[in-house]
There are 2 protein chains.
Amino acid sequence: MRTRGDVLELAILGQLQSAPMHGYELRKRLNATLGAFRALSYGSLYPCLKALVVGGWIEATDTADLPHALAGKRARIVYQLTAEGKERLARTLSEAEPAAWEDENFDVRFSLFADTDAETRLRILEGRRTRIVERREAMRRHAQLTRERRDHYTLELQRHGLEQIEREVHWLEDLITAERRPPHPASEAPDPPRTKEQA
Amino acid sequence: MRTRGDVLELAILGQLQSAPMHGYELRKRLNATLGAFRALSYGSLYPCLKALVVGGWIEATDTADLPHALAGKRARIVYQLTAEGKERLARTLSEAEPAAWEDENFDVRFSLFADTDAETRLRILEGRRTRIVERREAMRRHAQLTRERRDHYTLELQRHGLEQIEREVHWLEDLITAERRPPHPASEAPDPPRTKEQA
DNA sequence: TCTGCCATGTAAGCCGTTACATGATTTT
DNA sequence: AAAATCATGTAACGGCTTACATGGCAGA
């Protein structure tokens with residue numbers, strides 16, 4: 001069982017950046033950040049954590065091996081980034097590869113934008129937009145071609161799908177505009193795009 | 001390699017209902033009807049067709065075995081529904097099981113609404129709505145809880161996701177309303193209460 | 001001729017889930 | 001005392017894609 005999954009790895013490294021965590025907690029956070037519904041299972045998570053440890057990107061500490069404090073609490077395995085892990089995370093986050101704007105990866109990359117430099121953010125957003133616009137055009141073309149011989153429901157499905165995609169494009173365009181707007185980071189706005197404070 | 005996949009089977013049976021077809025054509029149609037992008041591969045399609053033949057739901061005819069006409073065209077395998085296949089399709093389409101409104105199945109079921117009776121349509125739409133509303137509530141609750149400690153981008157991702165889901169709910173509610181409107185199917189004149197015509 | 005689309009398939013592998021197994025801790 | 005939730009893991013399987021293998025037919 002390989003259980004690679006570039007995306008999951010990145011998501012985990014990204015979460016561990018803000019704080020060391022054990023698996024159970026990590027899962028809750030991940031499920032929370034990326035859609036409250038799509039449940040990531042332990043069957044994926046734990047093997048992936050193992051692989052990250054083997055790769056040297058994270059380090060596992062069993063709280064049972066720490067004799068000092070932590071009295072009443074049960075043993076848990078807390079994971080934290082190694083120096084290599086931090087470096088790798090930083091490198092990955094600075095790349096704007098085409099894969100970054102595919103469906104499977106985009107959300108994770110986007111959710112880590114606070115730790116991504118402005119140029120990479122912009123390039124990923126633009127790549128994503130191109131991708132989605134392509135999709136929209138394909139749908140429009142197809143809708144045009146088959147317009148006549150379709151029943152009401154198929155038509156409605158098509159219309160709704162197209163509408164959702166158009167919203168997506170709009171959303172991306174707003175984000176791109178916003179990214180381009182402030183070339184002078186320290187000027188106006190009562191609500192500056194403050195980089196997040198670590199808890 | 002099992003390659004079951006209830007959904008794919010249903011989609012195929014549904015397509016073959018309108019006309020016999022060979023695999024290649026079938027694939028194009030399926031990819032067209034359900035999202036112009038998500039490419040169904042031959043690696044799924046052909047094994048599934050085979051399984052349907054074995055199950056007795058469809059019948060395969062190699063055009064090479066028909067010596068009479070069809071001169072210049074190359075050999076193709078044309079599939080058509082058997083009597084059992086038609087019956088099974090009809091039975092499946094009349095059921096409004098919970099599975100029908102899950103993500104993986106809903107689109108296919110919906111795209112076959114033209115062959116589904118009104119009551120089943122309504123129940124599937126309502127089931128779907130309940131499901132999506134649940135999801136929306138989960139997101140709202142979660143957004144409320146974590147509102148403070150989130151960076152701009154995570155927040156934006158959340159906001160956009162919620163908006164898309166709200167649109168989905170709205171869409172479903174419109175559809176449900178439309179389904180409920182004509183309770184007396186054979187009463188009104190062709191003019192006054194006219195439901196909207198699609199362009 | 002050769003490029004590209006039509007047409008049918010198979011084998012391997014990927015990425016993930018479900019179901020199982022186990023047990024501690026907390027809440028009711 | 002029982003039930004819920006915390007916490008960690010493994011084995012099996014599921015459905016899909018990719019890549020491979022093969023070849024006919026059409027038009028540049």
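Just so we're on the same page: letters track the sequence lines, and every chain starts at 1.
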Between P of C/dG16 and CD of A/Glu104, the distance in whole Å: 10 Å
Phosphate-side-chain proximity, B/Tyr46 and C/dT8, N/O vs OP1/OP2 below 4.0 Å: yes
Nearest-angstrom distance from the residue atom CG of A/Asp6 to P of C/dC15: 7 Å
Nearest-Å distance for atom pair CG/C1', residues A/Leu45 and D/dG9: 11 Å
Distance, rounded to the nearest Å, where A/Ile77 contributes CD1 and D/dA7 contributes P: 12 Å
salt_bridge(A/Arg123, A/Glu126) N-O dist < 4.0 Å: no
Any donor-acceptor pair under 3.5 Å from B/Asn105 side chain to B/Ala99 backbone: yes
N or O in side chain of B/Lys50 less than 4.0 angstrom from C/dT8 OP1/OP2: no
Nearest-Å distance for atom pair CG/P, residues B/Leu30 and D/dT17: 12 Å
With sequence neighbours excluded, residues passing side-chain hydrogen bond (donor to acceptor under 3.5 Å, both in side chains) with A/Arg136: none
Short side-chain N/O contact from A/Ser41 to OP1 or OP2 of C/dT17, under 4.0 Å: yes
Side-chain donor-acceptor contact under 3.5 Å, A/Thr154 with A/Arg150: no
Between C1' of C/dC14 and CD of A/Glu102, the distance in whole Å: 17 Å
Tabulate protein N/O versus nucleotide N/O from nucleotides 4-6 of chain C, keeping only pairs under 3.5 Å, one per line.
residue: C/dC6; atom: OP2; partner: B/Tyr24; partner atom: OH; Å: 2.8
residue: C/dC6; atom: O2; partner: B/Arg74; partner atom: NH1; Å: 3.2

Between D/dT10 (P) and A/Leu49 (CG): distance, integer Å: 11 Å
No-hydrogen, no-angle side-chain donor-acceptor test under 3.5 Å, B/Tyr24 and B/Arg76: no
A/Asp117-A/Thr120 side chain donor-acceptor pair, cut-off 3.5 Å: yes
Atom-to-atom span, OH of A/Tyr42 to C1' of C/dC15 - whole angstrom: 19 Å
SB check B/Arg88 B/Glu9 (cutoff 4.0 Å): yes
